Enquirer: 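Sending over a structure as structure tokens; questions will come in a sec.
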Amino acid sequence: MSYERDLKRSTALGTAWPCHCGDSNPATYDACHTCQTPSWDCACQAVNCGRSTVCRRCDKARGAEDDEHQPTT
């Protein structure tokens, strides 16, 4: 697959992730196509730029537990 085709598909699905460098990336990319900054996956399934400490979709901090999937006591 090509970057352009992957990006077009991710953009149409609303899953492309923005990087701090200004480029957008397909959700399947684990690093920015342009600057190679790694991404991280949030529990809400959003892919985020590695320089971001808060999820762009749900505003949870990087590494925060997903409360919806925690067992109740």
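Reckoned from all heavy atoms, side chains included, excluding hydrogens, waters and symmetry mates. Just so you know, these numbers come straight off a predicted model, no measurement behind them.
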Enquirer: Heavy atoms only: give me the nearest Asn25-Cys19 pair and the separation to one decimal.
Expert: ND2-CB, 3.8 Å
Enquirer: Looking only at heavy atoms, what is the nearest atom pair of His33 and Gln36, with distance?
Expert: O-NE2, 3.4 Å
Enquirer: Using the side-chain contact (heavy atoms from CB on, under 4.5 Å) criterion, which residues pair with Ser24? Sequence neighbours excluded.
Expert: Leu7
Enquirer: With Asp23, which residues qualify under side chain to side chain donor-acceptor pair (under 3.5 Å), at least two apart?
Expert: Tyr3, Thr34
Enquirer: Minimum heavy-atom separation for Ser10 to Pro26, with atom names?
Expert: OG-CA, 3.3 Å
Enquirer: Taking all heavy atoms of Gly50 and all of Arg62, pick out the closest pair and write down the distance.
Expert: O-NH1, 3.0 Å
Enquirer: Is any side-chain heavy atom of Cys42 closer than 4.5 Å to a side-chain heavy atom of Arg57?
Expert: no
Enquirer: Among pairs that include at least one residue of residues 37-49, which meet side-chain hydrogen bond (donor to acceptor under 3.5 Å, both in side chains), considering only residues two or more places apart or in two chains?
Expert: none
Enquirer: Using side chain to side chain donor-acceptor pair (under 3.5 Å) as the criterion, list what pairs up with Arg51, not counting sequence neighbours.
Expert: His20
Enquirer: Does the pair Trp17 and Cys32 meet the rule for a side chain to side chain contact (heavy atoms under 4.5 Å, CB included), with working shown?
Expert: CA-CA 9 Å; Trp17 60 275; Cys32 178; 4.0 Å; yes
